[in-house]
Amino acid sequence: MVAGSYAGRALGVLGVVCLLRCFGFISCFSQQTYGVLHKNVTFHVPSNIPLTEILWKKQKDKVAERENSEFRAFSSFKNRVYLDTVSGNLTIYNLTLSDEDEYEMESPNITDTMKFFLYVLEPLPSPTLTCALTNGSIEVQCMIPEHYNTHPELNTYSWDCPLEQCKHNSTRIFFKMENDLPQKVQCTASNPLFTRTSSIIPETCIPSSGYSRRRYGLIPLPLVIVTCVVLYVLYGTWKCDRKPDRSNSN
């Protein structure tokens, strides 16, 4: 019973701490935030209390602060940031790749700091679809061009076609050539900010001089016989009409 009461008290204390964190600052965990290169991004502070003094830092370096009703921006962030002195939200303009890092906000009005990790992403290009013949199968591969190297680990891929293969989220799928091929296959590449789609027609992956998937219909045998008979009769009639005139002209 004593152990049970201790466990209950511990849970109660933990609950109180969580409530204090929620009401004081909502969250104490680092949040992932994504911004587009040369665009703007805003760090939203989920606080429900007025903030009189605010300090934003990138790692240990100051970014912006409000102290004694005065606002100041620092270093490369001068003329590139806006601080909402009521909510504490910070907006960075004209993002650069060097802006990517961890940011945190401090205020004497709250019990903890709020941390954000900023990812700066370039616009995502359309994926490139290529195909090759491998052991009687068509291999279709979907990839973002190599020149795009901004966090490729954040890219995900999905396929769209009526076959089971397209339900797998991977960079490549396979189709058997002896099976019916879909008319079109779409690949969608996406990251937290962008979605791009490209398509390919699997039939175009088969060389014209190679494996042929054309099916030719067979002419029914009775039709062949009837055709031959008709041609024979017509040929005989034509020969009769061509007999020479053997009468002597005196």
Fit a plane to each ring of Phe43 and Tyr103, take the angle between them on a 0 to 90° scale, and name the class: parallel (under 30°), tilted (30 to 60°) or perpendicular (over 60°). tilted

How long is the span from the NZ atom in Lys176 to the CG atom in Leu181, to the nearest 0.5 Å? 12.0 Å

Going from NZ on Lys57 to CD on Glu104, what distance comes out if it is rounded to the nearest 0.5 angstrom? 4.5 Å

Just wondering, do Pro123 and Tyr148 contact through their side chains at under 4.5 Å, heavy atoms? no

With Leu37 via side-chain contact (heavy atoms from CB on, under 4.5 Å) - residues at least two apart: Leu97, Val120, Glu122

Please enumerate all residues that pass ring-ring contact (aromatic ring centres under 6.0 Å, His included) together with Phe194, with sequence neighbours excluded. none

Taking the side chain as everything from C-beta on, heavy atoms only, tell me whether Ile92 gets closer than 4.5 Å to Asn40. no

Pair up each side-chain donor or acceptor in residues 76-83 with any protein partner under 3.5 Å, not counting sequence neighbours, and list the distances.
from	atom 1	to	atom 2	distance (Å)
Arg80	NE	Ser76	O	3.1
Arg80	NH1	Tyr93	O	3.0
Arg80	NH1	Asn94	O	3.1
Arg80	NH1	Asp99	OD2	3.0
Arg80	NH2	Asp99	OD1	3.0
Arg80	NH2	Asp99	OD2	3.4

Can you tell me how far the NZ atom of Lys167 sits from the OG atom of Ser158, to the nearest 0.5 Å? 14.0 Å

Run the side chain to side chain contact (heavy atoms under 4.5 Å, CB included) test on Ile144 and Leu124 for me, step by step, so that the C-alpha distance in whole Å, both residues' side-chain angles and the decisive distance to 0.1 Å come before the verdict. CA-CA 8 Å; Ile144 293 297; Leu124 188 68; 4.0 Å; yes

Determine whether Met105 and Leu55 fall in the same hydrophobic cluster, where Ile, Leu, Val, Met, Phe, Trp and Tyr are linked whenever their side-chain heavy atoms lie under 4.5 Å apart. no

Dump the intermediate steps for side chain to side chain contact (heavy atoms under 4.5 Å, CB included) on Phe175 and Gln165, then the final yes or no. CA-CA 8 Å; Phe175 300 99; Gln165 295 94 312; 3.7 Å; yes

Side chain Trp56, main chain Ala73, donor-acceptor under 3.5 Å: no

Closest contact, heavy atoms only, Phe117 versus Glu100: CE2-CG, 4.3 Å

Side-chain contact test, heavy atoms from C-beta onward, threshold under 4.5 Å: evaluate it for Pro127 versus Arg196 and give yes or no. yes

According to a 4.5 Å side-chain heavy-atom criterion applied to Ile, Leu, Val, Met, Phe, Trp and Tyr, with indirect links allowed, do Leu51 and Met114 form part of one hydrophobic cluster? yes

Applying side-chain contact (heavy atoms from CB on, under 4.5 Å), name anything that partners Thr171, two or more places apart in sequence or on another chain. Met143, Tyr157

When rounded to the nearest 0.5 Å, the distance separating CZ of Phe116 from CD of Gln31 is 5.0 Å

Mind checking whether Val36 and Val41 sit in one hydrophobic cluster, side chains of I, L, V, M, F, W, Y counted as touching below 4.5 Å? no

Using only heavy-atom distances, determine whether the side chains of Thr52 and Asn109 contain a donor-acceptor pair under 3.5 Å. yes

If we only count heavy atoms from C-beta on, is the Asn169 to Thr156 side-chain gap below 4.5 Å? no

Could I get the full list of side-chain contact (heavy atoms from CB on, under 4.5 Å) partners for Thr197, not counting sequence neighbours? Gln186, Thr188

Distance-only donor-acceptor pairs under 3.5 Å for side chains of residues 84-91, two or more places apart:
from	atom 1	to	atom 2	distance (Å)
Asp84	OD1	Val86	N	2.9
Asp84	OD1	Ser87	N	3.2
Asp84	OD2	Ser87	OG	3.4
Ser87	OG	Asn89	N	3.3
Ser87	OG	Asn89	ND2	3.3
Asn89	OD1	Val45	N	2.7
Thr91	OG1	Thr42	OG1	2.8

Could you see if Ile201 belongs to whatever hydrophobic cluster contains Ile206? Use Ile, Leu, Val, Met, Phe, Trp, Tyr and a side-chain cutoff under 4.5 Å. no

I need the Glu106 CD to Glu65 CD distance, nearest 0.5 Å. 10.5 Å

Give, for atom CG of Leu154 and atom CD of Gln32, the distance between the pair rounded to the nearest 0.5 Å. 8.0 Å

Any heavy-atom pair between the side chains of Asp61 and Ser75 that's under 4.5 Å? no

Could you state whether Phe174 and Ile200 fall into the same hydrophobic cluster, counting links through intermediate Ile, Leu, Val, Met, Phe, Trp or Tyr residues with side-chain heavy atoms under 4.5 angstrom apart? no

Less than 4.5 Å apart, side chain to side chain, heavy atoms only: is that true for Ile173 and Cys187? no

Would you name the heavy atoms of Pro202 and Pro182 that are closest together and state the gap between them? CD-O, 3.3 Å

Between Leu133 and Cys205, what is the shortest heavy-atom contact and its length? CD2-O, 3.8 Å

